[in-house]
Amino acid sequence: MTNTAPPATELTPAQVAYLALADHCITSPCGKPDWHGDTPVHRPCDTAEDLYQAWRQRWREERG
């Protein structure tokens with residue numbers, strides 16, 4: 001598989017923030033549901049919430 005992502009210098013601040021959020025959600029244990037029981041339980045993650053708010057703010061700024 002080849003990396004088709006543009007170089008970081010071509011990304012907008014919102015795209016960089018989104019990638020940081022995505023990376024955290026994929027790699028953090030908090031991003032994985034707890035499967036003890038019939039339904040998964042999602043644990044809150046303050047870091048993910050902070051990264052989401054940062055992305056959302058930058059996205060809104062870029063939209064104008």
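Only a predicted model underlies this, so the values are computations on that prediction, with no experimental measurement involved.
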Review item, side-chain donor-acceptor pairs of residues 50-58, under 3.5 Å, at least two apart:
unit_1	atom_1	unit_2	atom_2	d
Gln53	NE2	Glu49	OE2	2.8
Gln57	NE2	Glu61	OE2	3.2
Arg58	NH1	Ala54	O	3.0

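One hydrophobic cluster, built from ILVMFWY side chains closer than 4.5 Å, holds both Tyr18 and Trp59.
Between Gln15 and Glu10, the shortest heavy-atom contact is OE1-O, 4.2 Å.
Judged by distance alone, with hydrogens and angles left aside, the side-chain atoms of Glu62 form a donor-acceptor pair with the main-chain N or O of Ala14 at under 3.5 Å.
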